[in-house]
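By convention in this document, chain letters (A, B, ...) are assigned in the order of the sequence lines, proteins followed by strands, and residues within each chain are numbered from 1.
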Amino acid sequence: MNTQWETVIGLEIHTQLATQSKIFSGASTAYGAEPNTQACAVDLGLPGVLPVLNEDAVRKAVTFGLAIEAEIAPRSVFARKNYFYPDLPKGYQISQMDLPIVGKGHLDIEVDGETKRIGVTRAHLEEDAGKSLHENFHGLSGIDLNRAGTPLLEIVSEPDMRSAQEAVAYMRKLHELVRYLEICDGNMQEGSFRCDANVSVRPVGQAEFGTRVEIKNINSFKFVEKAINHEVERQIDLIESGGKIIQETRLYDANKDETRSMRSKEEANDYRYFPDPDLLPVVVGEDFKAQIYASLPELPDAKKQRFHSEYHLDNEAAGILTSSRALADYFEAVTKQSGCEAKLCANWVNGELAAALNKANLEITESPISPAQLSGLLVRISDNTISGKIAKQVFEALWQNPDSNADAIIDAQGLRQITDTGAIEAVIDAIIAANGKQVEQYRGGNDKVFGFFVGQVMKAMQGKANPAEVNKMLMAKLKG
Amino acid sequence: MHSKSIRQLAQGLRAKEFSSVELTQHFLQRIKQHQNLNAYITVTEELALAQAQAADQRLAAGDTDLLLGLPIAQKDLFCTLGVRTSCGSKMLDNFIAPYNATVVDKLNQAGAVMLGKVNMDEFAMGSSNETSFYGAVKNPWDSNAVAGGSSGGSAAAVAARLAVCATGTDTGGSIRQPAALCGITGLKPTYGRVSRYGMIAYASSLDQGGPMAQSADDAAILLQAMAGFDSKDSTSMDHPVPDYSATLDAPLTGLKIGLPKEFFGEGLSDDVAQVLQVAIDEYRKLGAEVIDISMPNLKLAIPAYYVIAPAECSANLSRFDGVRFGYRCENPADLTDLYTRSRGEAFGKEVKRRILMGTYALSAGYYDAYYIKAQKIRRLISDDFKTALAQVDVIMGPVTPTTAFGIGEKMADPIAMYLADIYTIAINLAGVPAMSVPAGFSDGKPVGLQIIGNYFQEAKLLNIAHRYQQVTDWHTLIPKNFE
């Protein structure tokens, strides 16, 4: 038997909301402070303390919901999720269970040129736990509660993805969106954007889902793809060799590229959720929603569409440029300031600039070359002051001297393109005179020699001759 | 000095008959003298004298706050900065809070002098003060009888005049029941009237702090200082706080008093019923109209309460895990051992019983049958109160079925203990305010009259209690040995 298998994937993504203070206390959420210096009485779960909801966390959750065209619950409820762990100070996590703040929505992904709609089941607010540190404590474990109480929005997808590639596309799309909305910094190293994947396989054509396995804690796009592919392979191998998938939670080990079992369904906690009596239901009014809706930025899909129609950019260029708000803004600043053709601007932003940033490991926001500086350069390409080739030289110089500008570099290095036909003609005449043999060949029908003449002229003029002018004049002279 | 009312003491301080330091020393002396009552867990003598000194300075500067310089007691579940807050438990025997509860802050601002922290049932779970790690409080009227609970220390301290007044908390009757059994005036305010911040939680949706005092007049003054919106407590209500003293003397002519037949049926002892009849007759004389009413769902209050309160407490008490504060067992072998032994060794029997009941009620497969059903009953009970209070101005009834029972009498039978709270529990489920007012004695032990009002009608309750106290003297009686 040779069964064809279909993979079914749903993702749960924890995004850390970029609020100044924690979800239920006034302590700072800044990353990287000395352990336990950003945990107040509420975060420590001291006897008698009470949580007070941070309105900004609600605002950010609603922002997300509106951006994915989801239903926003007019009334959502916080619940206690009960379990014991040393980095969970109260012995319960305040989360949302039956009534989450964001209901059904969707996100469109693109894989191999095809657009696919992925359902978002829900997104709910909750507090993060602290961290247990198991190293360097003389055999004891350390607890750092700085992260305890940091607001999270857990975004749960429908089991709509059918390959690791689709899962990564969804995760990237979500990552792009939360950064667009400025509700999450998207920093995966610091754990601001974390992913759990629910993976199952079934024979193609089977209606019901296979038994799912949850893979915890996959914190990079690369690992998501690898972990899912690995898990799919494990499941298919297991079934084909007569085994059975058990519902369990597995942990991905990036070093070994494997998943290992954490706990089975039977061992799973009964979290005993119940509404938190310390918090009132969260009521989101129409006014609050309307105000957030009005302040939503242009979203990635709409922006891409606009770049397509307004700037006539192809799908790929528009996609890259709109992958982050900062990059899109940079591009638009360059087109506006330079007045140059959008395609030229796109080529330079996606080409030379992107490569240089990538090499230097810089974000677009950290670019040493400002939109104004790049505009200055592009203007000189457009008005034929310099050729594209020379422009790369100017770009390099600008990169090295961020205080300078294109015109200053062109002048200082004498890079101005020569369009003086008299000067070009003199050089052409001299070269034709010196290369009689090649002239003969050309006139004898060998077109290829034409390139030799262009090269000679450009070389003699240090690349500064206007290439179009050189071509035109050479053609006329050689024909004799 | 110790038999005076708040107003008399405030006047005495300003007339320089005595200073706050002298007054404080007098009460500290009485506390020492009556240690066997076991009302106090911690006496904060040094702090009290320092506060008294500061109060004397404010008095000299002309400060008019009525509580200024008056020695009071705090129930030992209000967190007090730098002072042990034990919650009556071995678990917190070593716990010194790094912050003040809002109520403590407010009373400090008013200039009250804290004599110490008073005894209570462990984590406020109990009706007799016998579950306290620090032992039972004795009833000042009968040293073989319980003082009631959970605010037994508060009630005994006020009744024995070991404090001018005291704070208490009430989750299912914990202010009113000990007030009734000790013959003092206690008020459980509307849920949300007094901040819960810094008040160690038993059952968050039911817990409410309130005043325990000699009279309605004193209770009004203490409540005035305790009440108000607190941005640190999401369940506290942003509702204006009236001047509770201003309406104390309002006439009661035409007042409609409802007597639920469910409060006066089987289970209520004859002697208590007789005392209450006399008290209600007194109200008739004051111009009130008495109407028989029915509240059919009251009988469901105890089972609903014993699902909701334990469910909430099972989560509220999870933070006591031996990791960050409180008791930790010796040499834990591993994490599970740390949890199970720390909790097993430090929680008392009743606390464990309620954690287990609550955990069970919230477990998968039982949640709908217990927790959800109890919440539905809670709504029915609230509706009963709404309906009744649309017909009448206040509801009156007993606080307890009997007078104070003997120490040790009901400890072996938790159900009997739970049933004794039948008249107080429904009020917490509905969230309305209620008072216990001394209404007489039976066999030398006090009987309390309960007055229940509509949401935020504390001023009305105090007025009704005060008018009664103008024509009776039960509240002024001091138990023998404490005069």
Side-chain angles (χ1 to χ4, degrees), chain A residues 23-26 36 39-55 77-95 97-98 130 132 134 139-145 148 265 268-282, chain B residues 77-79 85 87 89 91-92 95 97-102 123 195-201 203-207 230-236 308 311-312 314-326 335-336 338-340 343 358-367 371-372 375:
Chain A
I23 185 166
F24 298 119
S25 84
N36 300 310
C40 67
V42 174
D43 306 319
L44 294 173
L46 287 180
V49 298
L50 295 169
V52 176
L53 179 60
N54 179 345
E55 191 185 286
V77 170
F78 281 103
R80 293 181 180 180
K81 178 181 180 179
N82 294 287
Y83 65 96
F84 283 98
Y85 205 69
D87 60 23
L88 186 72
K90 297 186 294 296
Y92 58 83
Q93 178 193 26
I94 304 177
S95 181
M97 182 60 180
D98 290 337
S132 296
H134 301 295
L140 299 172
S141 288
I143 305 294
D144 177 6
L145 294 175
K265 192 191 174 192
N269 283 313
D270 175 0
Y271 291 120
R272 304 189 309 278
Y273 282 97
F274 75 103
D276 191 330
D278 286 336
L279 290 159
L280 304 176
V282 184
Chain B
L77 54 53
F78 287 101
C79 285
T85 300
C87 227
S89 180
M91 182 60 87
L92 292 181
F95 177 66
Y99 75 104
N100 274 335
T102 297
F123 283 101
S195 169
R196 293 190 297 114
Y197 189 78
M199 199 177 105
I200 298 177
S204 313
S205 74
L206 301 161
D207 293 345
D230 180 8
S231 60
K232 287 187 275 191
D233 174 3
S234 308
T235 63
S236 99
I308 294 168
E312 291 181 11
S314 74
N316 282 334
L317 270 62
S318 291
R319 69 191 63 198
F320 306 108
D321 57 6
V323 175
R324 296 166 313 284
F325 44 72
L335 187 58
T336 307
L338 169 72
Y339 286 152
T340 50
R343 291 167 67 80
T359 304
Y360 181 82
L362 291 174
S363 295
Y366 298 101
Y367 181 77
Y371 187 81
I372 295 291
Q375 292 294 357

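- Contacts between A:Y271 and chain B at a heavy-atom distance below 4.5 Å are absent for every atom of the residue.
- Counting heavy-atom pairs under 4.5 Å between each of A:L280, A:N82, A:D278 and chain B puts A:D278 at the top.
- For B:F320, the part lying under 4.5 angstrom from a heavy atom of chain A is the side chain only.
- When side chains are defined from C-beta on, A:P47 does not count as touching B:T85, because their heavy atoms never get closer than 4.5 Å.
- With a 4.5 angstrom heavy-atom cutoff, B:F78 does not touch chain A via any of its atoms.
- Residue contact with chain A, scored on non-hydrogen atoms closer than 4.5 Å, is absent for B:A101.
- Contact detail for A:R272 and B:S363: the closest heavy-atom pair is CD-OG, 4.0 Å.
- For the atom pair CG (A:L279) and OG1 (B:T235), the distance works out to 9.0 Å, reported to the nearest 0.5 Å.
- Looking at B:S234, its side chain does come within 3.5 Å of a backbone N or O of A:P51 through a donor-acceptor pair.
- Proximity of B:Y99 to A:V49: side-chain heavy atoms (C-beta onward) are separated by under 4.5 Å at one or more points.
- Distance check, rounded to the nearest 0.5 Å: NZ of B:K232 to CG of A:L50 gives 10.0 Å.
- Contacts of B:S314 with chain A are absent, with no heavy-atom separation under 4.5 Å from either backbone or side chain.
- Of the inter-residue distances, the one linking A:L88 atom CG with B:S318 atom OG reads 9.0 Å to the nearest 0.5 angstrom.
- A ring-centre distance under 6.0 Å is not found for B:Y367 and A:F274.
- Residues B:F325 and A:L44 share a closest heavy-atom pair of CE2-O, 4.0 Å.
- Summarising the local packing, CZ of A:F84 is surrounded by more than 12 heavy atoms from other residues, nucleotides or ligands at distances under 6.0 Å.
- Using a distance-only test at 3.5 Å, with no hydrogens or angles considered, a donor-acceptor pair links the side chain of B:R324 to the main chain of A:P89.
- Nearest heavy-atom pair, B:Y371 versus A:P275, reported as atom, atom and distance to 0.1 Å: CE2-CD, 3.8 Å.
- Contacts of B:A361 with chain A are absent, with no heavy-atom separation under 4.5 Å from either backbone or side chain.
- Between B:N316 and A:R80 there is a side-chain heavy-atom pair separated by less than 4.5 Å.
- The part of B:L335 that comes within reach of chain A is its side chain, from C-beta onward, which places non-hydrogen atoms under 4.5 angstrom from that chain.
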